[in-house]
Amino acid sequence: MSDQIEKVKCLIIGSGPAGYTAAIYASRANMQPILYQGMQPGGQLTTTNEVENFPGYPTGITGPEMMVELQKQAERFGTDVRSGWVTKVDFSGDFHKVWIEDKKEIHADTVIISTGASAKYLGLDSEQHYLKAGGGVSACAVCDGFFYRNQETVIVGAGDSACEEAHYLSNICSKVTMLVRRDVFRASKIMAERVKNTPNIEILFNTETEEVLGENDLVTGVRARNNKTNELVEIPCTGFFVAIGHIPNTEIFKPYIDMDETGYIVNEKGSAKTNVSGVFVAGDAADKDYRQAVTAAGTGCMAALDAERYLAAKGH
Ligand code: NDP
């Protein structure tokens, strides 16, 4: 049951580059936005080390620093940034109902969904066991690599993220073994070449994880199978990193918002509009192709401008 109802012109859900950019534009347009940061304040960039490709930072900036700067910029213009996450929505009426942690109820004229995406795991029982035990399974090399300094690690995946993370780990760990399920990388050529040319990264192609091995809740190795020869190998390691892609954080919007088969929100071409009037989307929640901080920021701007035009047309 709600203990209070708050009415807002513009509610922004999520605190990555998309959410904060929407907040900067919405607050400068006098929409008095409220932004809920969600489960991971700052979003995925807080798990990234150096961001070198965001325009305007010629010498790079760390992901966490960039998010602090974006939050400050949004707050400077009056955005009310709050901790907490949305647990339920009802987009069936004239105004949009949103519940924060099943308690607080908000009635918003416009909603900007910028909830991003989360890392995928393999789904093996052993992987989940050591993940929950905090014993050596991670989906973020940049966050957790430090704990495996001078130790051996294994990383699964063959995309740009896996290559970037393997390379990052190679600077910290004594050895990194990369498990690639096909005989080719999905990553861009330059990233794959970088990994191939790093002496302490060993790449095992056609290799899939069978089991994460451990003792006393701590990872001690990985058993993997060559899917061509069926040969099993046991690779000693203390850290097991998973870098196999992401899933959009859109589940709670499913009853109301159109999505593709993988859960990415479908927006009207060339705008941030969803199928529900007054509800807009920005960032990775609707983007499985680009997924960059700069594209997320760009769509955050679009969402705020679309929300502003929507409110103006309604006479707000
Ligand atoms: P991708 O979807 O590109 O790659 C996922 C990788 O994981 C694939 O190689 C896939 O294998 C593998 N995989 C998926 N499921 C399994 C499984 N169950 N077991 C083993 N392997 C599995 O995700 P990324 O996160 O790497 O990248 C997402 C997007 O972000 C891409 O567009 C990428 O270019 C971009 N990106 C860009 C960066 C940069 O430019 N600096 C850095 C990081 C990401 P398979 O190939 O066989 O399908």
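Both ligands and their constituent atoms are indexed starting at 1 by order of listing. Below, each value reflects all heavy atoms present in this structure, side chains not excepted, and no hydrogens, waters or symmetry copies. Numbering starts at 1 and runs along the sequence shown.
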Can you list the atoms of ligand 1 that are under 4.0 Å from a heavy atom of Leu122? 17 (C), 18 (N), 19 (N)
Of all protein heavy atoms, the one nearest atom 17 (C) of ligand 1 is Arg181 NH1, 3.5 Å
Of all the heavy-atom pairs spanning Asn249 and Ser118, show the shortest one and how long it is. OD1-OG, 2.7 Å
In the protein, what heavy atom is nearest to atom 46 (O) of ligand 1, and what distance, to one decimal place, separates them? Arg182 NH2, 2.8 Å
Side-chain heavy-atom pair Thr274, Ile265 within 4.5 angstrom cut-off: yes
To the nearest 0.1 Å, how far is atom 24 (P) of ligand 1 from its closest protein heavy atom, and which atom is that? Ser161 OG, 3.2 Å
Of the backbone atoms (N, CA, C, O) and the side-chain heavy atoms from C-beta on, which set of Leu179 has a member under 4.0 Å from an atom of ligand 1: side chain, backbone, both, or neither? neither
Would you mind checking which non-hydrogen protein atom is closest to atom 36 (N) of ligand 1, with the distance to 0.1 Å? Asp160 CB, 3.7 Å
Given Ala139, Gly245, Gly123, Ala187, which has its nearest heavy atom closest to atom 23 (O) of ligand 1? Gly245
Between Val180 and ligand 1, which part of the residue brings a heavy atom under 4.0 Å of the ligand: side chain, backbone, both or neither? neither
Distance from atom 29 (C) of ligand 1 to nearest protein heavy atom, with residue and atom: Arg291 NE, 3.4 Å
salt_bridge(Arg225, Glu208) N-O dist < 4.0 Å: no
Close aromatic pair by centroid cut-off 6.0 Å: Tyr25 and Phe77: no
Which of Gln37, Lys72, Glu69, Gln73 passes side-chain hydrogen bond (donor to acceptor under 3.5 Å, both in side chains) with Tyr20? It is Gln37
Please identify which atoms of ligand 1 are closer than 4.0 Å to at least one heavy atom of Glu164. 41 (N), 42 (C)
Tell me whether Lys288 is salt-bridged to Asp260, with the criterion being a basic N under 4.0 Å from an acidic carboxylate O. yes
Do Val195 and Met178 have side-chain heavy atoms sitting under 4.5 Å apart? yes
What residue and atom, counting heavy atoms only, is the protein's closest point to atom 32 (O) of ligand 1, and at what distance? Asp289 O, 3.8 Å
Among all protein heavy atoms, pick out the one at the shortest distance from atom 8 (C) of ligand 1; state its residue, atom name and that distance to 0.1 Å. Arg186 NE, 3.5 Å
Are Glu6 and Arg82 ion-paired here, with the side-chain N under 4.0 Å from a carboxylate O? yes
Less than 4.5 Å apart, side chain to side chain, heavy atoms only: is that true for Ser188 and Met191? yes
Among Ile244, Val156, Asp183, Val184, closest by heavy atom to atom 7 (O) of ligand 1 is Ile244
Would you verify that at least one protein heavy atom lies under 4.0 Å from atom 26 (O) of ligand 1, or report that none does? yes
